[in-house]
Amino acid sequence: MQTTHLPTKVTRLSSLKGLINALTERSYLAFCAILASVYPPVSALANGYDIWLYPLEVNSNATQPWALGQKVAITNRTGYDNQPSFSADSQSLLFTSDRGSQHNDIYRYHIGNANLEQLTHTPTESEYSPQASRNGIRYVVEQGVPHQSVWQQTEHPDGWSPRERGIQSMIPSGYYATHEQLGTLIWARYAYSLYFEPLGASADERHFVVAGAGRSIHVMPQQNAFSYLHKQPDGDRVIKRFEPISNTHQALISVKQGSEDYGWSSDGWIFNIEQQTLRAWKYQSQPNNNRWQMVTELVAPTPYHHSPSRVAISPDSRYIAIVWQRKEH
């Protein structure tokens with residue numbers, strides 16, 4: 001597929017997204033405050049979700065290279081447990097949960113002994129989107145309208161350091177992906193646009209990347225690049241590659257009717273769910289394969305679960321975490 005070079009700034013004043021992209025940062029924050037007064041916080045909209053862990057058996061020589069092992073419930077309760085992300089050593093899983101209060105906190109599940117550990121406790125704020133960092137964790141803090149940003153903490157043998165900003169930009173950040181050598185790709189809440197903050201910089205309108213982006217953004221394995229889901233004018237949704245150094249975008253694969261959420265394995269496979277089908281697609285530098293390969297048909301883990309969506313694959317490719325929605329009962 002052909003690589004396209006996009007201009008650093010894109011201004012489309014005929015659309016709402018174009019208007020947002022043309023605003024100054026101060027005006028943008030004010031505009032977000034207006035929108036936030038209309039839309040309730042994410043925590044107020046959260047449905048019941050649970051996370052299940054599956055061993056992922058890989059046999060590269062087989063016709064069907066994957067198989068899922070016996071599932072284990074990381075969470076199985078009424079409430080919000082979502083946004084799984086593995087640690088770098090594949091020994092634990094971070095996730096967001098409202099089990100402690102009316103606000104969400106970050107928890108860590110230890111795979112070896114099934115111990116559950118609460119990492120944040122903020123009675124007046126909510127944390128979302130946890131990810132492992134080089135020496136600790138990053139997450140989004142919802143601090144009130146319109147302030148929402150990425151923060152980080154370092155883990156020490158005797159505990160955790162106080163949190164500090166993970167990005168410098170004041171753009172309200174709903175989701176993010178951090179490349180330790182390049183910087184952070186930011187999904188701007190309300191704008192549905194991406195901005196890239198290079199290391200040592202503060203992202204503003206000069207760092208606009210693209211509009212019409214979905215929430216699932218990732219660092220591509222072993223690449224100086226990110227991936228994101230791009231919503232097309234005709235309704236299609238395409239996973240694309242963005243390389244900040246060259247400011248280029250490359251179409252990879254359409255998710256068609258599948259979930260907008262996807263995850264990467266460390267060896268370059270994208271995993272995604274379409275209805276009840278778990279499927280995968282292998283990245284190539286010059287993509288010429290636009291077909292997904294079926295992994296397995298998923299069966300709801302209990303009669304109270306349906307509609308699998310988010311996935312996360314451990315760095316060692318031994319596990320896959322799948323989020324299931326809970327039925328109201």
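The side chain to side chain contact (heavy atoms under 4.5 Å, CB included) test with F95 is passed by exactly one of I106, V323, N82, I51: I51.
The closest donor-acceptor contact from the side chain of E197 to the backbone of A203 lies under 3.5 Å. Using modelled atom types, no side-chain atom of S317 and backbone atom of S265 make a donor-acceptor pair closer than 3.5 Å. Side-chain atoms of S314 come within 3.5 Å of backbone atoms of Y319 as a donor-acceptor pair (strictly under, hydrogens ignored). Checking side-chain atoms of H179 against main-chain N and O of Q223 turns up a donor-acceptor pair under 3.5 Å. No side-chain donor-acceptor contact under 3.5 Å links Q293 to the backbone of R291.
Smallest separation of non-hydrogen atoms from G174 and Q148: CA-NE2, 3.4 Å. Closest non-hydrogen pair, S169 versus S149, comes out as O-OG, 3.9 Å. In terms of heavy-atom proximity, A213 sits nearest to W187 at O-NE1, 3.0 Å. Here the closest heavy-atom approach between residue I167 and residue S173 is recorded as CD1-OG, 3.4 Å. For R77 against D98, the heavy-atom pair with the smallest separation is NH2-OD1, 2.6 Å. What you find for Y176 and S129 is that their closest heavy atoms are OH-O, 2.7 Å.
Residues N272 and D261 are not in side-chain contact: their nearest non-hydrogen atoms beyond the backbone lie 4.5 Å or more apart. Within the 4.5 Å cutoff, no side-chain heavy atoms of S309 are placed close to those of Q325. Residues E155 and I137 form no side-chain contact, since every pair of their non-hydrogen atoms from C-beta on lies 4.5 Å or further apart. Contact check for P123 versus H103: no side-chain heavy atoms found under the 4.5 Å cut-off. In this structure the side chain of V255 reaches within 4.5 angstrom of the side chain of W292, judged on heavy atoms. Using a 4.5 Å heavy-atom cutoff, the side chains of E164 and Q152 are in contact. At least one side-chain heavy atom of S227 sits less than 4.5 Å from a side-chain heavy atom of Y262. Looking at heavy atoms from C-beta onward, T302 lies out of side-chain contact with D50 at the 4.5 angstrom threshold.
Crowding of E297 atom CD: a count of heavy atoms from other residues, nucleotides or ligands under 6.0 Å exceeding 12. Summarising the local packing, CD of Q257 is surrounded by 12 or fewer heavy atoms from other residues, nucleotides or ligands at distances under 6.0 Å. In the displayed structure, Q275 atom CD is contacted under 6.0 Å by at most 12 heavy atoms of other residues, nucleotides or ligands.
With ring centers used as reference points, F271 lies under 6.0 Å from W66. Taking the six-membered ring for Trp and the full ring otherwise, F242 and H249 have centroids separated by under 6.0 Å.
Under the 3.5 Å distance criterion, with hydrogens and angles disregarded, a donor-acceptor pair is assigned to the side chains of S216 and H218. Using modelled atom types, one finds a donor on one side chain and an acceptor on the other under 3.5 Å when comparing R326 with N76. For the residue pair Q83 and T96, a side-chain donor N or O sits within less than 3.5 Å of a side-chain acceptor on the partner. For the 3.5 Å distance criterion, the side chains of Q153 and Y139 qualify, holding a donor opposite an acceptor. For the residue pair E127 and T122, a side-chain donor N or O sits within less than 3.5 Å of a side-chain acceptor on the partner.
Shown here are the side-chain contact (heavy atoms from CB on, under 4.5 Å) partners of Q118, two or more places apart in sequence or in another chain: D105, Y107, H121. In this structure K256 satisfies the side-chain contact (heavy atoms from CB on, under 4.5 Å) test together with S254, sequence neighbours excluded.
In the hydrophobic clustering of ILVMFWY residues, with side-chain heavy atoms under 4.5 Å counting as a link, V219 and Y175 come out together. Following chains of ILVMFWY side-chain contacts shorter than 4.5 Å, one cannot reach V299 starting from V72, and the two form parts of different hydrophobic clusters. The same ILVMFWY cluster, assembled from side-chain heavy atoms under 4.5 Å apart, contains both Y228 and Y192. I273 and L68 end up in the same hydrophobic cluster when Ile, Leu, Val, Met, Phe, Trp and Tyr side chains are linked at under 4.5 Å. Connection of L185 to L182 is established within a shared hydrophobic cluster, with ILVMFWY side chains joined at heavy-atom distances below 4.5 Å, either directly or through further cluster members.
Residues R279 and E274 are paired through a salt bridge, judged by an N-O separation under 4.0 Å between the basic side chain and the carboxylate.
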Step-by-step side chain to side chain contact (heavy atoms under 4.5 Å, CB included) determination, L116 to T75: CA-CA 10 Å; L116 189 61; T75 69; 6.0 Å; no
From CA spacing to verdict: side chain to side chain contact (heavy atoms under 4.5 Å, CB included), R163, V141: CA-CA 10 Å; R163 76 184 188 194; V141 180; 3.7 Å; yes
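Both the sub-6.0 Å distance and the 45° axial angle are not jointly satisfied by R138 relative to the ring of W151.
Summarising the geometry, atom CD1 belonging to I322 is positioned 9.0 Å from atom CD1 belonging to I313; distances are rounded to the nearest 0.5 Å.
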